[in-house]
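Take a look at the structure set out below.
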Amino acid sequence: QMIFNADEAHNIVKECIENVLGKADYNHNKVNQWTAAIVEQSLTHLVKLGKTYKYIVTCAVMQRSGAGLHTASSCFWDTTTDGTCTVRWENRTMNCVVNVFAVAIIL
Amino acid sequence: SFAVDEVSSIIKEAIEGAIGGNAYQHSRVNQWTTSVVEQTLSQLTKLGKPFKYIVTCVIMQKNGAGLHTASSCFWDNSSDGTCTVRWENKTMYCIVSAFGLAI
């Protein structure tokens, strides 16, 4: 039976974030395309793993200005096969939180 | 298939119930986000449909910072779906997303 490999997903996502945001400063005009790029690239790489999972990838990018930000998630699924992985990343001007949810497909 | 309107009402009720009428408070935000996702999830499962669910909640203090969120899904377009509710008051923003995946 399949188990979700969180470490593998974590590495994939971290690379995608670095690729997109690595050297950038928060830029209001570009944030939209950054979050879209991060979720799309992460999803593409996850699907390429070729496992029978449905995936949901979410990404939040926030400007660092002292505001408090809290996120929570709750899942109703099959705990033996399904799983999640969260990657938190930051640089001088912004925070980025990416969540991956993987739900096994029953054949 | 995923009933967006029904889910949207469930989410709105959960947000109002947990934080409606409150001002942003660092010491309570943790229990608020937890309460919103748990309340939403339990109402969704009570619908009794053959779906797996994922609910996420983001609460951010209003102080001028920019926040962007995005999500991308690889699933069955005919049966699966999502619904996002954006809520705000004078001191905070709350964004809740529910994803339903047919079994």
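Each chain gets a letter, A, B and so on, in the order the sequences are listed, and its residues count up from 1. Side chains are part of it too, since the values below use all heavy atoms of this structure and drop only hydrogens, waters and symmetry mates.
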Notebook entry, point to check: What distance do A:Ser65 atom OG and B:Gln61 atom CD have between them, rounded to the nearest 0.5 Å?
Noted result: 8.5 Å

Check: Can you tell me how far CD of A:Gln33 sits from NE2 of B:His68, rounded to the nearest 0.5 angstrom?
Finding: 11.0 Å

Item checked: Residues in residues 5-30 of chain A that sit under 4.5 Å from chain B, counting heavy atoms only -> A:Tyr26, A:His28

Check: Between B:Ile54, B:Leu41, B:Leu44, B:Val55, which is the residue that forms a side-chain contact (heavy atoms from CB on, under 4.5 Å) with A:Phe76?
Finding: B:Leu41

Check: So what's closer than 4.5 Å to chain B heavy atoms on A:Val61: side chain, backbone, both or neither?
Finding: both

Margin query: For A:Leu69 versus B:Tyr24, what's the shortest heavy-atom pair and its separation?
Written below: N-OH, 4.3 Å

Notebook entry, point to check: From A:Ser42 OG over to B:Phe74 CZ, what is the distance, rounded to the nearest 0.5 angstrom?
Noted result: 14.5 Å

Checklist line | Nearest heavy atoms of B:Ala70 and A:Ala36, plus distance in Å | finding: CB-N, 4.2 Å

Check: What are the two closest non-hydrogen atoms of A:Gly66 and B:Asn63, and how far apart are they?
Finding: C-ND2, 3.9 Å

Note to self: When you group the ILVMFWY residues by side-chain heavy-atom contacts below 4.5 Å and let the links chain together, are A:Val87 and A:Phe4 in the same group?
What the structure shows: yes

Notebook entry, point to check: If you measure from OG1 on A:Thr81 to NZ on B:Lys52, what distance do you get to the nearest 0.5 Å?
Noted result: 4.5 Å

Notebook entry, point to check: Heavy atoms under 4.5 Å from chain B: which residues of residues 92-105 of chain A carry them?
Noted result: A:Phe101, A:Val103, A:Ala104

Notebook entry, point to check: Between A:Thr58 and B:Thr69, is any pair of side-chain heavy atoms under 4.5 Å apart?
Noted result: no

Item checked: CG-CG distance between B:Leu101 and A:Asp82, expressed to the nearest 0.5 angstrom -> 9.0 Å

Notebook entry, point to check: So which part of A:Leu43 gets closer than 4.5 Å to some heavy atom of chain B, the side chain, the backbone, both or neither?
Noted result: side chain

Checklist line | Proximal component of B:Ile103, with respect to chain A [non-hydrogen, under 4.5 Å] | finding: side chain

Notebook entry, point to check: For the candidates B:Lys62, B:Met60, B:Met92, which exhibits the highest count of non-hydrogen atom pairs separated by less than 4.5 Å from chain A?
Noted result: B:Met60

Next item on the list: Search all heavy atoms of B:Glu38 against all heavy atoms of A:Ser74 and return the closest pair with its distance.
Entry: CG-OG, 4.3 Å

Note to self: So for B:Asp76, is it side chain, backbone, both, or neither that comes closer than 4.5 Å to the heavy atoms of chain A?
What the structure shows: both

Next item on the list: Tell me, out of A:Val47, A:Ile38, A:Leu46, who's got the most heavy-atom pairs with chain B below 4.5 Å.
Entry: A:Val47

Checklist line | Proximity breakdown for B:Tyr93 and chain A, heavy-atom pairs closer than 4.5 Å | finding: neither

Check: Under a 4.5 Å side-chain heavy-atom rule over Ile, Leu, Val, Met, Phe, Trp and Tyr, are B:Phe99 and B:Phe51 clustered together?
Finding: no

Next item on the list: Tell me, out of B:Gly66, B:Ala65, B:Gly64, who's got the most heavy-atom pairs with chain A below 4.5 Å.
Entry: B:Gly66

